[in-house]
Amino acid sequence: MLTLTTRRTMMLAAPAWLAAQTAAKRPDKGPPLAPDMVKTFVGAAHGNLEKTKEMLAETPALLNAAWDWGGGDFETGLGGAAHMGNRQIAEYLIGQGARTDIFAAAMLGRIEIVQALVKAFPGIEKSLGPHKIPLLAHAERGKAENVIEYLK
């Protein structure tokens, strides 16, 4: 059994030990992406597949970069493609490893993903995507009849 003094010593030492472990494992990520480049990429991903591919080939870190349109309205390239109903760009970005979400799944008609998330997190179907666009609108833009019917 540990004494009170031993437990106190362990509690005081833990934060320093954890900080040292975390700092030692962090690789240098390089400088932040240029804001104008992120904005251009997110804009391109709304509807310009060739520009999206070109920019991603030049700067792979753009894949999950988010642009803040103001007031915390964050949007990634995938988010732009999803609310525009641009299946080709969305599938390309997901294929490159983009972090997907319920909005992209709804637009792509991936009912099993949408249903699983709604079941796991009741109320998520009321979430708003970029520009406060509802989940149902994403499904409608993608002409995902199965998801539209489910959400209605």
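Predicted model only: the values in this text are computed from it and were never measured.
- Partners of Lys39 under the side chain to side chain contact (heavy atoms under 4.5 Å, CB included) rule, at least two apart in sequence or in another chain, are Trp67, Trp69.
- Among all heavy-atom pairs drawn from Leu49 and Ile89, the shortest one is N-CD1, 3.6 Å.
- Rounding to the nearest 0.5 Å gives a distance of 11.0 Å between CG of Asn64 and CD of Gln96.
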_Step-by-step side-chain contact (heavy atoms from CB on, under 4.5 Å) determination, Val114 to Ile102_ = CA-CA 6 Å; Val114 174; Ile102 193 169; 4.3 Å; yes
*Would Leu108 and Ile94 count as a side-chain contact (heavy atoms from CB on, under 4.5 Å) if you check the C-alpha gap in whole Å, the side-chain angles of each, and the deciding distance to 0.1 Å?*
CA-CA 11 Å; Leu108 292 168; Ile94 292 169; 3.7 Å; yes
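- Once rounded to the nearest 0.5 Å, the distance linking CD1 of Ile133 with NE2 of His83 reads 4.5 Å.
- For the salt bridge (Lys or Arg N to Asp or Glu O under 4.0 Å) test, no residue two or more places apart in sequence or in another chain qualifies with Glu50.
- Note that the CG atom of Asp73 and the CG atom of Asp68 stand 7.0 Å from one another [nearest 0.5 Å].
- Arg110 contributes atom CZ, which lies 10.5 Å from atom CG of Asn146 (distance to the nearest 0.5 angstrom).
- Heavy-atom neighbours of Gln88 CD from other residues, nucleotides or ligands within 6.0 Å: at or below the threshold of 12.
- Criterion: ILVMFWY side-chain heavy atoms under 4.5 Å apart, direct or through other members. Under it, Ile113 and Val147 are part of a common hydrophobic cluster.
- The two residues Leu56 and Leu63 have their closest heavy-atom pair at CD1-N, 3.5 Å.
- Under a hydrophobic clustering in which Ile, Leu, Val, Met, Phe, Trp and Tyr are joined whenever their side-chain heavy atoms come within less than 4.5 Å, directly or via other members, Leu117 and Ile148 fall into the same cluster.
- For the salt bridge (Lys or Arg N to Asp or Glu O under 4.0 Å) condition, no pair includes a residue of residues 128-143, sequence neighbours left out.
- Rounded to the nearest 0.5 angstrom, Glu75 CD and His131 NE2 are separated by 3.5 Å.
- Using a 4.5 Å heavy-atom cutoff, the side chains of Lys51 and Thr40 are in contact.
- Taking NE2 from His46 and OG1 from Thr52, the interatomic distance works out to 10.0 Å, rounded to the nearest 0.5 Å.
- In terms of the ring-ring contact (aromatic ring centres under 6.0 Å, His included) criterion, Phe41 has no residue partners (sequence neighbours excluded).
- Under the 4.5 Å side-chain heavy-atom criterion for ILVMFWY residues, no single connected hydrophobic cluster contains both Leu128 and Met107.
- Grouping the Ile, Leu, Val, Met, Phe, Trp and Tyr side chains by contacts below 4.5 angstrom, directly or via other members, places Tyr92 with Val38.
- With sequence neighbours excluded, the residues satisfying salt bridge (Lys or Arg N to Asp or Glu O under 4.0 Å) with Glu91 are Arg87.
- Shortest non-hydrogen contact noted between Val118 and Glu125 is CG1-OE1, 3.6 Å.
- Summarising the geometry of Leu135 relative to Ala106, their closest heavy-atom pair is CD1-CB, 3.5 Å, with the distance given to 0.1 Å.
- Taking Glu58 as the reference, nothing meets the side chain to side chain donor-acceptor pair (under 3.5 Å) condition, with sequence neighbours excluded.
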*side-chain contact (heavy atoms from CB on, under 4.5 Å) between Leu78 and Arg99: does it pass, once the steps are laid out?*
CA-CA 8 Å; Leu78 180 57; Arg99 296 177 199 131; over 6 Å; no
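- Nearest heavy atom pair, residue Gly77 against residue Val42, reads N-CG2, 3.9 Å.
- Counted within 6.0 Å of CD on Glu149, heavy atoms from surrounding residues, nucleotides or ligands total 12 or fewer; the atom is thus considered open.
- When all heavy atoms of Phe74 and Ala66 are compared, the closest pair comes out as CD2-CB, 4.2 Å.
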